Student: 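Here it is, the structure in full.
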Amino acid sequence: MSTELIRIFDTTLRDGEQSPGCSMNLSEKLTLARQLERLGVDVIEAGFPIASNGDFESVQAIANELKATQVCGLARTGSADIMRAAEALEHAASPRIHTFIATSDIHLEHKLRMSREQVLEEVGRAVEQARGYVDDVEFSAEDATRSDPDYLVEVFDTAIAAGARTCNVPDTVGYTQPAEYATLIRLLRERVTGAQDVVFAVHCHDDLGLAVANSLSAVLAGARQVECTVNGIGERAGNTSMEEVVMAIKTRRDVYGTVESNLVTTEIYATSRMLSSIIGVSVQPNKAIVGDNAFAHEAGIHQDGVLKAPITYEILTPQSIGRPSNELVLGKHSGRHAFRDRLAELGFELEGADFQLAFERFKDLADKKKTIFNEDIEAIVADSAMQTEERFEVEDLSILSGTFASPSATVSLRVDGERVKADAQGIGPVDAVFKAIAELTETKSELERYQVNAITGGMDALGEVSVTVSEDGRKVIGHGAHPDIIVASAKAYVHALNKLAWHKRQHTISEPKGI
Ligand code: KIV
Ligand code: ZN
């Protein structure tokens, strides 16, 4: 029986990265892009090149490196947007330009202030321009699900006539319902001229909690590209969660028939964990497929059933998504080989100096802590990756605090390579350390959120701190991990300030990228 491919278009690095607190720097994006390639996604939407120099550089770096996966850059229909996307993708093995414009009357009237005819002209012109640079052009009708279907037919007729190969029907505001979305996809496939020669794509947001259901319903109606993100991150309530769509199709072959994705599903868990550790946003414990409790059977009656026959309560296995056993015992006697193997299982391929740095950190930690868990290793790798592109580095710190002393801290940092030191007092030791760091870095940012987690259990648990800071409307999250929570806090704060410094170096050449 021949299979029909459902393309997985991953937009974690574009739509996902747009959501507050999910921004990533260049090396973080490259690390994730490499993992997405291992995962086998068909297309990676690597960014929105005109939005900032940072986005441009990320798309360019990813496009220059990936060979198996198609790399896509987003562009509005304006000529400058398309030129910038083409420039970023110039050396890609398999480039795609994704251009979009809104098509609902609501957007035409209130946002674009354009007539339907003007939008049609813009669609034709933009797709034609993009085809001048690359063979593979995708066109999206933003807010398609609130657009007049008759007009949508004209829009896609125009896009296809101009050379689009993929027609995306986004549910931009997460408004549609499964049956309604399927009807729309069917209508477009029946009425758009040339529909049989293009792929219809779906792109859903989760405002009503239906992004995955809507995407799957559209697949049943003939859509053959699903746009999604790892862990479902994205604007507002998020985008369609990639792992949920892929595992639903794989688990329910009786429903989806011959439709199959190219995904190496055993890489799903590593990808999910990698994203969480990069952006510092964990998935909720009960999240389908990748949540901590997704495979944990708590109720006695369930445990009994699973022990007798897993099929009683288990519709998919942890192994099918590459979930490693959690009782990994790495300790101070574990060597490079064991460490490298474990890194690979978790989806990290570190070489040369990066591997050496992570290994040294692992050994340091193993001296302080008996058992090293997967989460500890992820924190070590994230922490090592954070060492790149940094202006500020924590050198030493000491604190005085307790019931008698008023909390004070002495902190030494390297600022642009130069050693500087400051003392400060605070209402607690963390406050004192942060005040000293703020003085040394001369930051104008505001501290918005401070969160401490014990990454693994036990009194010797590695503590992970996440710190959210904002400046000039940009919000970033920094992370730090260390057995001493005050040191972890200092590292997290400095990591966040490094991210802000990185963003400041990127000169924004267009309006903010909110879509
Ligand atoms: O949600 C949306 O409409 C988008 C488009 C750019 C595809 O992200
Ligand atoms: Zn979107």
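None of these values were measured; they are calculated from a predicted model. In what follows, every heavy atom counts, from backbone to side chain, and hydrogens, waters and symmetry copies are set aside. For ligands, and for the atoms within them, numbers begin at 1 and follow the listed sequence.
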Student: The Zn ion (ligand 2) is nearest to which N, O or S atom of H203?
Tutor: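 Per the distance ranking, H203 contributes NE2 as its closest N/O/S atom to the Zn ion (ligand 2).
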Student: Aromatic rings H495 and H479: how do their planes relate, parallel, tilted or perpendicular, breaks at 30° and 60°?
Tutor: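 Correct class here is tilted.
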Student: Given that the side chain starts at C-beta and the backbone is N, CA, C, O, which of these parts of D15 lies under 4.0 Å from ligand 1, counting heavy atoms, or is it both or neither?
Tutor: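 It is the side chain that gets close, since no backbone atom is under 4.0 Å.
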Student: For T266 and Q319, what are the C-alpha separation, side-chain angles and deciding distance, and is it a side chain to side chain contact (heavy atoms under 4.5 Å, CB included)?
Tutor: CA-CA 7 Å; T266 47; Q319 292 77 15; over 6 Å; no
Student: At a non-hydrogen distance cut-off of under 4.0 Å, which region of R14 contacts ligand 1 (side chain, backbone, both, or neither)?
Tutor: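 It is the side chain that touches ligand 1; the backbone stays farther off.
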Student: Go through ligand 1 atom by atom and flag the ones less than 4.0 Å from a non-hydrogen atom of H205.
Tutor: 1 (O)
Student: For ligand 1, which atoms, with element, lie under 4.0 Å from some heavy atom of E142?
Tutor: 3 (O)
Student: Does any N/O atom on S140 come nearer than 3.5 Å to any N/O atom on ligand 1?
Tutor: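 No, since none of the N or O atoms of S140 sits under 3.5 Å from an N or O of ligand 1.
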Student: Is there a nitrogen or oxygen of D143 sitting under 3.5 Å from a nitrogen or oxygen of ligand 1?
Tutor: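 N/O-N/O distance below 3.5 Å does not exist for this pair.
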Student: Give, rounded to 10 degrees, the angle between OD2 (D15) and NE2 (H205) as seen from the Zn ion (ligand 2).
Tutor: 100°
Student: Establish, yes or no, whether the cationic atom of R116 lies under 6.0 Å from the six-membered ring centre of Y151 and within 45° of the ring axis.
Tutor: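 So R116 does make the cation-pi contact.
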Student: Check the pair R224, E4 against salt bridge (charged side-chain N to carboxylate O under 4.0 Å, His left out), reporting the backbone distance first and the verdict last.
Tutor: CA-CA 8 Å; R224 287 295 174 263; E4 246 193 293; 3.0 Å; yes
Student: Would you sort out whether R7 and D42 count as a salt bridge (charged side-chain N to carboxylate O under 4.0 Å, His left out), showing the intermediate values?
Tutor: CA-CA 6 Å; R7 284 199 225 143; D42 300 282; over 6 Å; no
Student: Is there a polar contact, in the sense of an N or O pair closer than 3.5 Å, between H203 and ligand 1?
Tutor: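 Yes, there is a polar N/O contact under 3.5 Å.
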Student: Using distance alone, with no hydrogens and no angle criterion, decide if E227 and T240 have a side-chain donor and acceptor under 3.5 Å apart.
Tutor: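 No, no side-chain donor-acceptor contact under 3.5 Å.
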Student: For a quick check under 3.5 Å, do S23 and E17 share a side-chain donor-acceptor pair by atom type?
Tutor: no
